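Notes for the one structure printed next.
This is a predicted model, so every value here is computed, not measured.
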Amino acid sequence: WLYVNGADTRDEHVGLYFPMYCATAEGHRDDLCKWLYEHGAAKDIKRRTTHDDKHVYHNGRSPLYAAFVLGSWRNVSRWLILNG
């Protein structure tokens, strides 16, 4: 619903919790990553989080880091590697 009504899948003004990062950090299935990829967020596979004083620990993290280290989601990690 959000996408159909104009939501952006890769808002570059969002520094930390951009959709691809959230999808991988929370361990969502690789189908959500695929959907984001197909709807404009392909570049976000290699995107890194930006500095935020409140979330310094997460600065410079990628979706692959979130999938592999934070969640140990092998299927998502594999998909990111093959498509990034």
Side-chain angles (χ1 to χ4, degrees):
W1 187 89
L2 291 173
Y3 179 74
V4 171
N5 287 289
D8 188 356
T9 58
R10 79 173 308 265
D11 186 350
E12 295 195 18
H13 299 297
V14 176
L16 181 58
Y17 296 112
F18 55 93
M20 185 71 77
Y21 185 82
C22 289
T24 58
E26 297 300 321
H28 291 288
R29 301 172 313 268
D30 55 348
D31 60 338
L32 178 55
C33 295
K34 290 176 189 176
W35 186 90
L36 289 167
Y37 181 90
E38 292 167 358
H39 290 85
K43 291 182 179 179
D44 283 351
I45 289 177
K46 295 183 179 181
R47 183 173 168 184
R48 302 226 175 229
T49 58
T50 57
H51 183 69
D52 179 338
D53 290 335
K54 186 177 177 184
H55 301 96
V56 175
Y57 174 75
H58 295 288
N59 188 32
R61 307 293 188 200
S62 68
L64 181 58
Y65 174 88
F68 190 74
V69 177
L70 298 179
S72 297
W73 313 114
R74 289 183 184 178
N75 60 329
V76 176
S77 298
R78 179 175 179 239
W79 185 87
L80 290 168
I81 291 167
L82 293 173
N83 290 280

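Judged as a salt bridge (Lys or Arg N to Asp or Glu O under 4.0 Å), the pairs with a partner in residues 32-42 (not counting sequence neighbours) are, in order, D30-K34.
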Is there a side chain to side chain contact (heavy atoms under 4.5 Å, CB included) between W79 and I45? Walk through the geometry before answering. CA-CA 10 Å; W79 185 87; I45 289 177; 3.8 Å; yes
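Between I81 and L64, the closest side-chain pair of non-hydrogen atoms falls below 4.5 Å.
Heavy atoms only, all atoms of each residue included: M20 and A41 are closest at CE-O, 3.6 Å. Heavy-atom minimum distance, T24 versus P63: OG1-O, 3.2 Å. Residues Y37 and N83 share a closest heavy-atom pair of CE1-O, 3.9 Å. When all heavy atoms are compared, the tightest approach of L80 to A67 is CD1-CB, 4.0 Å.
In this structure, H39 and W35 have parallel ring planes: the angle between them is below the 30° cut-off, well short of the 60° mark.
Rounding to the nearest 0.5 angstrom, the gap separating the CZ atom in F18 from the CZ atom in R48 is 9.5 Å. Separating the CZ atom in R61 from the OH atom in Y21 is a distance of 7.0 Å, to the nearest 0.5 Å.
Although no hydrogens or angles enter the test, the distance criterion places a donor-acceptor pair under 3.5 Å between the side chain of T49 and the main chain of G60.
The salt bridge (Lys or Arg N to Asp or Glu O under 4.0 Å) search around K46 returns none, not counting sequence neighbours.
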